[in-house]
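These notes concern the structure reproduced below.
This structure is a prediction, so every number in the text was calculated from the model and none was measured. Here is how names work: the chains are called A, B, and so on, in the same order as the sequence lines, proteins then strands, and each is numbered from 1.
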Number of protein chains: 2
Amino acid sequence: MDDGGSDIQALIDAMARLPGLGPRSARRIVLALIGRRPGQMAQLSALMARVADHARPCARCGNISDTEICPICDDPRRQTGEICVVETVADLWALERGRAFRGRYHVLGGTLSALDDIGPEDLGIPRLLSRIAKEEVQEVILALNATVEGQTTAHYIADALPEGLRVTGLAQGVPIGGELDYLDDGTITAALRARRNF
Amino acid sequence: MDDGGSDIQALIDAMARLPGLGPRSARRIVLALIGRRPGQMAQLSALMARVADHARPCARCGNISDTEICPICDDPRRQTGEICVVETVADLWALERGRAFRGRYHVLGGTLSALDDIGPEDLGIPRLLSRIAKEEVQEVILALNATVEGQTTAHYIADALPEGLRVTGLAQGVPIGGELDYLDDGTITAALRARRNF
C-alpha cells in the first residue's frame with residue numbers, strides 16, 4: 001500500500017499490532033490523530049514517552065506505577081491487615097473500580113503452569129509470604145480468575161499460607177443483571193449450591 | 001480509579017478518546033505496552049512524534065504525506081490524464097489497496113454541506129479545476145461515497161467540470177461475495193438496472 005509516507009505506514013503497522021486493533025482500526029486512529037488540531041498527537045507521544053520511561057511494577061505489590069511504591073501501597077488510609085491476591089494488574093484495576101476493597105493488593109503476574117515452567121517464585125509467592133509476616137496480615141482474599149489455572153494457583157497459595165490466617169475467595173454466582181438463560185451451567189450450579197436466605 | 005500513577009491514567013484517558021477505542025480497550029493497550037519488552041513503547045512514542053511533526057496534506061492532491069508532494073503525485077509511473085476524486089484520505093488508501101487505479105487523486109476532505117457551511121472552496125474544488133487545466137486531464141473519476149451527501153457533491157463537481165472531459169463514477173452493484181438476501185433493496189435495484197450480458 002502506498003499511503004504517502006513510510007513513517008505514517010510504520011505508525012499504522014505498530015498500532016495494528018496492539019491488542020484489539022488491526023490494520024483497519026489502526027489506519028482510522030492514525031488518520032484521526034493527523035486530522036486533529038496540531039499538537040494533540042505530539043502530546044500523546046510525549047505522554048507515552050513519559051510512561052515508557054517511568055512505569056514499573058510497584059516494589060511491594062506488583063501494581064504498575066510511576067513511583068517505586070505505588071499510590072495504593074503508599075496510601076495510609078488503606079487498611080493494613082488485608083491483602084487481595086490477583087493475577088494481573090488489569091484485575092487489580094477492575095477491583096479498584098468497584099471501590100469495595102480498602103486493603104492492599106498482591107499481583108502475581110500470572111498463574112502456576114508446569115507447561116510454561118512458571119513456578120511459585122515467578123509469581124512472587126515467597127514475597128507474598130514474607131509480606132504477610134511483615135505487614136501483620138489477618139486476611140488473604142484470593143481473587144484469582146474462576147478458571148482452572150486461577151483456582152489451581154489459589155489452592156496452591158492457600159496451602160502455602162501460615163496457619164491461623166483467614167483465607168477467603170470471591171463469591172461465585174449470578175452476575176448482577178445476569179439472565180439465567182444466558183449463563184453457563186457451571187455458574188448456575190455454583191449459584192444454586194451457594195444459595196442464601198431471601 | 002486509582003491505577004498507580006497520573007501519567008498512566010492520563011495516557012489511558014487519551015487513548016480512550018481515539019476512534020473505536022474506549023476505557024476498557026485503552027487500559028488493555030496501555031497494560032500491554034507497559035508489559036512488552038522495554039523500548040517498544042518508547043519506539044512507538046518516537047514514531048508518533050515524527051508523524052506529528054511531518055505529516056501534512058500533499059500540496060497537490062490532499063493525500064496525507066510526510067513530504068510536501070505525496071509519493072503518488074511524485075511517482076512518474078502514475079498515469080497523468082486521470083484524476084480520481086475521493087472524499088477522504090481513507091478512501092484514497094482503500095482505492096490504493098485495490099491496486100486497480102494508476103492515475104492520481106484529488107482528496108476533497110468532505111462533502112458539500114449548507115448546514116455545516118462547507119462550500120466548494122473548503123473542498124478544494126477550484127484547485128481541482130485548475131489541476132485539470134494544468135495536468136492535461138482527460139478523465140475525472142468521481143469516487144465519492146454512495147450516500148446522499150457524496151452523490152450531491154459528485155453532481156456539483158460534474159456540473160463544474162469543463163466540457164469535453166470524460167466524467168465517470170464507480171459502478172454500483174452487488175459486492176464480490178455478497179449475498180442478495182443480505183443486501184439492501186437500493187443496491188439490488190441498482191445492480192438490476194445496470195445488468196450486463198453474462
Side-chain angles (χ1 to χ4, degrees), chain A residues 1-8 10-12 14-15 18-21 24-25 27-35 38-58 61 63-67 70-73 75 88-90 92-94 96-97 99 109, chain B residues 1-8 10-12 14-15 18-21 24-25 27-35 38-58 61 63-67 70-73 75 88-90 92-94 96-97 99 109:
Chain A
M1 193 178 96
D2 195 347
D3 60 32
S6 57
D7 271 348
I8 298 172
L11 180 59
I12 292 171
M15 299 284 282
L18 296 176
L21 296 184
R24 180 177 294 267
S25 44
R27 277 195 300 269
R28 201 165 146 225
I29 287 172
V30 169
L31 274 178
L33 279 170
I34 292 174
Q40 211 170 344
M41 195 177 187
Q43 263 174 31
L44 180 60
S45 154
L47 199 51
M48 200 175 276
R50 281 211 300 283
V51 171
D53 268 357
H54 297 299
R56 73 192 105 168
C58 166
C61 76
N63 183 17
I64 290 293
S65 166
D66 39 21
T67 48
C70 79
I72 295 175
C73 285
D75 185 346
T88 64
V89 173
L92 186 163
W93 291 359
E96 281 298 284
R97 285 197 298 280
R99 294 170 195 273
Chain B
M1 193 181 99
D2 196 349
D3 61 32
S6 57
D7 271 350
I8 298 172
L11 180 59
I12 293 171
M15 299 283 283
L18 296 176
L21 296 184
R24 181 178 293 267
S25 45
R27 278 195 298 270
R28 201 165 147 227
I29 287 173
V30 170
L31 275 178
L33 278 171
I34 292 173
Q40 211 171 342
M41 195 176 188
Q43 263 174 31
L44 180 59
S45 154
L47 200 51
M48 201 175 274
R50 279 211 302 281
V51 171
D53 268 358
H54 297 299
R56 73 191 104 167
C58 167
C61 76
N63 184 16
I64 290 292
S65 166
D66 40 19
T67 48
C70 80
I72 294 175
C73 286
D75 186 346
T88 64
V89 173
L92 186 161
W93 291 0
E96 280 298 285
R97 285 198 296 281
R99 293 168 195 272

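The two residues B:A42 and A:A52 have their closest heavy-atom pair at N-CB, 3.8 Å. Closest approach of A:M48 to B:L33, counting heavy atoms only: CE-CD1, 4.4 Å. Of all heavy-atom pairs spanning A:I29 and B:L18, the tightest one is CG2-CD1, 3.7 Å.
Heavy-atom pairs under 4.5 Å with chain B were tallied for A:A14, A:S45, A:A55; the largest tally goes to A:S45. Among A:A46, A:A94, A:G39, A:A49, the residue with the largest count of heavy-atom pairs under 4.5 Å with chain B is A:A49.
Between atom CH2 of residue A:W93 and atom CD1 of residue B:I8 there is a gap of 6.0 Å, rounded to the nearest 0.5 Å.
With a 6.0 Å radius and a threshold of 12 heavy atoms from other residues, nucleotides or ligands, A:R56 has its CZ atom above the threshold.
For residues 38-53 of chain B, the salt bridge (Lys or Arg N to Asp or Glu O under 4.0 Å) pairs, not counting sequence neighbours, are A:D7-B:R50.
Residue A:L11 touches chain B through both its backbone and its side chain, counting heavy-atom pairs closer than 4.5 Å.
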